[in-house]
2 protein chains.
Amino acid sequence: MATVSRVVNGNPNVKPSTRKKVQDAIDQLGYRPNAVARGLASKKTTTVGVIVPDISNIFFADLARGIEDVATMYKYNIILCNSDQNPEKEIHLLNTLLGKQVDGIIFMGGRLHEDLVREFKTSPVPIVLAATLNQDYDLPAVNIDYESAAHDAVKSLIDHGHKRIGFITGPLEQQINGEKKFAGYRSALEEANLPFDEQNVVLGNYTYDSGMKAMNQLLELGADCPRAIFAGTDEMALGVIHALQDAGHQVPQDFEVIGHDNTRLATMIRPKLTTVVQPMYDIGAVSMRLLTKILNKEEIETNDVTLPHRIEERDSTRSS
Amino acid sequence: MATVSRVVNGNPNVKPSTRKKVQDAIDQLGYRPNAVARGLASKKTTTVGVIVPDISNIFFADLARGIEDVATMYKYNIILCNSDQNPEKEIHLLNTLLGKQVDGIIFMGGRLHEDLVREFKTSPVPIVLAATLNQDYDLPAVNIDYESAAHDAVKSLIDHGHKRIGFITGPLEQQINGEKKFAGYRSALEEANLPFDEQNVVLGNYTYDSGMKAMNQLLELGADCPRAIFAGTDEMALGVIHALQDAGHQVPQDFEVIGHDNTRLATMIRPKLTTVVQPMYDIGAVSMRLLTKILNKEEIETNDVTLPHRIEERDSTRSS
DNA sequence: GTGAAAGCGCTAACAC
DNA sequence: GTGTTAGCGCTTTCAC
């Protein structure tokens, strides 16, 4: 019994000859270790929970792939849950994952409700946030610098001579929009001594349709309509471009637009979309790697890692 | 001990007053049942495995969402694995899932290698195939009728007066392309007494770029180039349309194109894409529902369900 | 209606 | 190097 356990687990304290005998028996009988029993005895399940708003969203799907790839690399499996950003569901999922004795959790979400943070703090297993802001709480997390990314995007538009910059963003309650990206937008304007005008910022909900709608709203400003648009996601940026084209405008000649995320969509439109690249796959991969480090009690430089971003210039902006 | 188990599991054989006492204690202590121990004792984990080629592919992400939603409905969790269609990896994943004592498995893949089928046949838990062809093996599966879908698409093009129809497809080794869609393509031609011409079918690999490339190859046929294209996936269809537009052609005036799947991409292009709708989300949902039926030993009409398809007419084809 | 006890298939001391 | 043993935290008979 114990010896079998040893060979199954690669414990070196087994004589090669017995190891071989055991291995042969295993092969012959088609024996397959029961991971549940193993989990009960060892208190490790080699399974981690992943909570994601919506896996059918291309953005999170990419992230999930990054997570899964490094999970596989470290012999973990993933229990994948969709939260739809619903706070109760988030808490419920967290609890069922903990009940299933996952070794750790990776969480993605728009807004960290404080009840959730409380649960996170008392979790018996480590939790890392992926592409999810952390604010004052000191939870492990991996992100890019959204404020600086937005700043860069807006600045590049300003550098092209624009005085009015449209900003089409997701819900402002989400810190990433309401604080980070918005702050980057404003600071770029300030830096260039440009006035902030509320009518230039329009809310969307991340979707293509909301991007179109937002652009059409901007278009109603007539002569005051900004001729340069920063959209909070690529998908909204596509909507913006099509709204513009449908109205008979040329991109980038009449209007410039810049997106955010660099999803695969960015190259599937004409003109191809200039966009801020947020490395989703990498964020997922790094999050999972960070989690494995915590689980293995490896040395960790910092709990809060910031990945680099950059702007990928394509054809929806005029070349600098 | 046993009584606690009874109240946790909602067993009716408990006096209401004791039930309440137990419940109070549970709440007070923050007791959370250990699903691993429960799984070991009951031989049920309320977890199902999902093997998917690549979750970052919009197509599978949608399917996965359908699966997860009905899984949640029936109180199951999902262990999600990416196979990259690699036969060894598929077998390996199957085995680790079985080791983790999942209650069932949902499998998606392009080609069912016979080693895999053998493993499926001897699996201790039920396996259902989602959007994955079954051929002679009699495994539970849910699909649409790909042959008839392709037939309908090509026929609609023929009805618009085209004599030469381009077919841009994924790898022919995959039964869905090489047998089903291809057969539909040919039968539609035959039905209209149109000759089959090998040069009109071009292979892609499902991606946007491969769609562009395939269309450019077709364009080299010059006067012989088909003016109506059926693309095996929406993403390739987008590539086709852009290749056409880049070459100065008008869609649908000069060329008509029709896609397959009706992913969200279809409405994110100008002209909007006419496409065969394959209800990915539904296929996922129905697969999972089928699995729950098997697990609950419910009455099942048929193991091999075929969901309906239809053509969504948009602007990349001329209106009939 | 409730408790006692066996046992699910492993791991982890601990002896030898 | 290998075997023995005691759990891991539950469910499930089986008595009472």
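Proteins come first, then strands; the chains are lettered A, B, ... in the order of their sequence lines, and each starts at number 1. Everything quoted here is computed from the prediction, not taken from an experiment.
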Would you mind telling me which residue lines up with the more 5' stretch of DNA chain C, A37(B) or S42(A), judged by nearest nucleotide? A37(B)
Interatomic distance, Y31(A) OH vs dG9(C) P [rounded to whole Å]: 10 Å
Quick one: label N34(A) by what it contacts on the DNA or RNA (base, sugar-phosphate, nothing), any heavy atom closer than 4.0 Å. sugar-phosphate
Nearest-nucleotide comparison on DNA chain C, the residue closer to the 5′ end among A2(B) and K43(B): A2(B)
Using a distance-only test with no angle check, is there a side-chain donor-acceptor pair under 3.5 angstrom linking Y146(B) and E179(B)? no
Rounded off to whole Å, could you give me the CE-to-P distance for the M1(B) and dT12(D) pair? 12 Å
Would you kindly give the CD1-to-C1' distance between I26(B) and dC10(D), to the nearest whole Å? 13 Å
In whole angstrom, give the distance that lies between atom CG of L40(A) and atom P of dC10(D). 9 Å
Between S5(A) and dC10(C), is there a side-chain N or O to OP1/OP2 distance below 4.0 Å? no
Are OP1 or OP2 of dG3(D) and a side-chain N or O of T3(A) less than 4.0 angstrom apart? yes
Rounded to whole angstroms, how far apart are CG on L98(A) and P on dG9(D)? 15 Å
Among N57(A), D261(A), N177(A), which residue meets the side-chain hydrogen bond (donor to acceptor under 3.5 Å, both in side chains) test with Y206(A)? N177(A)
Measure from CZ on R38(A) to C1' on dG7(D) and round the result to the nearest Å. 18 Å
How many angstroms lie between CZ in R264(A) and CD1 in I58(A), if you round to the nearest 0.5 Å? 6.5 Å
Are D24(B) and Q28(B) close enough that a side-chain donor and a side-chain acceptor fall under 3.5 Å? no
If you take atom types as modelled and just measure distance, does the side chain of R6(B) reach the base of dG3(C) with a donor-acceptor pair under 3.5 Å? yes
Separation of N13(A) atom CG from dA12(C) atom C1', in whole Å? 13 Å
Taking CG from N9(B) and P from dT12(D), how many angstroms apart are they, rounded to a whole number? 7 Å
Output for pair (D84(A) CG, K89(A) NZ), nearest 0.5 Å, gives 4.5 Å
Any side-chain N or O of T18(B) below 4.0 angstrom from OP1/OP2 of dT2(C)? yes
